[in-house]
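Everything numeric here is computed off the predicted structure, so don't read it as measured data. Reckoned from all heavy atoms, side chains included, excluding hydrogens, waters and symmetry mates.
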Amino acid sequence: MGYSPPVNLLAASVFDSKYMGGDGVERHTSFNRTYVFNLLGGKEWGERTNRILNGGSTGTDHDLSLFYLPGEVSYTD
């Protein structure tokens, strides 16, 4: 097995999330954080295997037929 260098990724986003209500007043949304920084790093050790490390998964399957049911949409903030 050859040398496997570390892998790094740095990403940055700058944004301004606003909306204009029906009264004509511009307001910030709940997603307005003005900036985001992400740093990701990794390294491969040893021999390749079929093991997978999966983080952030809920472990539940989604029933896609429920997304297409007619009905009212309500938003909470």
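- Listed by chain and residue number, nothing satisfies the side chain to side chain donor-acceptor pair (under 3.5 Å) test with N38 (two or more places apart in sequence, or in another chain).
- Cluster partners of V25 are absent, since no Ile, Leu, Val, Met, Phe, Trp or Tyr has side-chain heavy atoms less than 4.5 Å from it.
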Residues 5-17, side-chain donor-acceptor partners within the protein, below 3.5 Å, at least two apart:
from, atom 1, to, atom 2, distance (Å)
D16, OD1, N32, ND2, 3.2
S17, OG, T29, OG1, 2.6

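- With sequence neighbours excluded, the residues forming a ring-ring contact (aromatic ring centres under 6.0 Å, His included) with Y35 are F37, listed by chain and number.
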